[in-house]
Amino acid sequence: RVLFRSAAVDDAAAQADALHNQGQSLQRANLIETAVEAYEQAADINERLHRDVEQAQNLTSLAQCAAAQQRLDLAIETSEQALKLAGKTPAIRATIENDLAVHLLERGRAADRDRVLALLASALNTNQQLRNAPGVAVNDLNFGRAHLAFGQLELAEAQLRSEEHTSEL
């Protein structure tokens, strides 16, 4: 009976992973509504299985879909949920922080400025610690975007020209 139950969990976990992968393919094909269905099903399964990190990844993908549909408040709310589930998984947490910062930046509210910069700083710090050069590059670009959006042209230029972060890797 225990083996059967374990096999059922493995099958459900595999199904959730397959649904997430299917959602990614659909999202790349710009079939956003169908991708959302796949991600929602994967998130439901992962929630039932208490796979928090995987559910956080599903929610992050759902947030990206919401942003693609110009539903930024939903993207932000969903990213916040994903961030809570990511716990102390550094790479996933850094990705979610970066995405959430971008969603807040795209929303365009001045009140979000400090949160955007704090999220990007946290993601950058994590990516530097992990020696994740692509992650550091994305964070640098998004810092530059943020500084531009907040009218800090000198800081934006310095950030975009900076090789300090990538040379440390």
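Here the structure is a predicted model, which is why all the values come from computation and not from measurement.
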Point-to-point distance, once rounded to the nearest 0.5 Å, from CG of L117 to CG of N142: 11.5 Å
Residue pair A86 / A56: nearest heavy atoms and the distance that separates them: N-CB, 3.9 Å
ILVMFWY cluster, I92 and L124 together (side-chain gap under 4.5 Å): yes
Co-membership, hydrophobic cluster, residues L59 and V36, 4.5 Å side-chain: yes
Pairwise distance CZ(R93) to OG1(T60) - rounded to 0.5 angstrom: 11.0 Å
Under 3.5 Å: donor-acceptor pair, side chain of N58, backbone of A43: yes
Cluster link L155 to V136, ILVMFWY, side chain under 4.5 Å: no
Ion pair E80/R115, N-O distance below 4.0 Å: yes
Nearest heavy-atom neighbours spanning A63 and S79: CB-OG, 3.3 Å
Minimum-distance pair of heavy atoms, taken over all atoms of G23 and A35: O-CB, 3.4 Å
Nearest-0.5 Å distance, CD1 of residue I96 to OG of residue S122: 11.5 Å
Result of checking L105, L100, D112 against L119 for side chain to side chain contact (heavy atoms under 4.5 Å, CB included): L100
Any S25 side-chain heavy atom under 4.5 Å of Q22 side chain: no
Q27 and C65, any side-chain heavy atoms less than 4.5 Å apart: yes
Point-to-point distance, once rounded to the nearest 0.5 Å, from CG of L62 to NE2 of H20: 9.0 Å
Point-to-point distance, once rounded to the nearest 0.5 Å, from CD of Q55 to CG of L49: 10.0 Å
Full working for side chain to side chain contact (heavy atoms under 4.5 Å, CB included) between D44 and Q41: CA-CA 5 Å; D44 289 343; Q41 288 177 30; 5.6 Å; no
A42 to A16 - nearest heavy-atom pair and separation: CB-O, 3.4 Å
Test log, rule side chain to side chain contact (heavy atoms under 4.5 Å, CB included), inputs Q64 and Q24: CA-CA 11 Å; Q64 291 168 354; Q24 288 177 318; over 6 Å; no
Under 3.5 Å: donor-acceptor pair, side chain of N125, backbone of A121: no
Backbone N/O of S61 and side chain of Y39: donor-acceptor pair under 3.5 Å: no
SB check D17 R51 (cutoff 4.0 Å): yes
Rounded distance [0.5 Å steps], CG in L83 versus CD in E97: 5.5 Å
Test side chain to side chain contact (heavy atoms under 4.5 Å, CB included) applied to F143 and L120, V116, L148, the passing residue: L120
Step-by-step side chain to side chain contact (heavy atoms under 4.5 Å, CB included) determination, L85 to V53: CA-CA 6 Å; L85 288 170; V53 172; over 6 Å; no
Over all atoms of both residues, closest heavy-atom pair of A38 and L19: CB-O, 3.5 Å
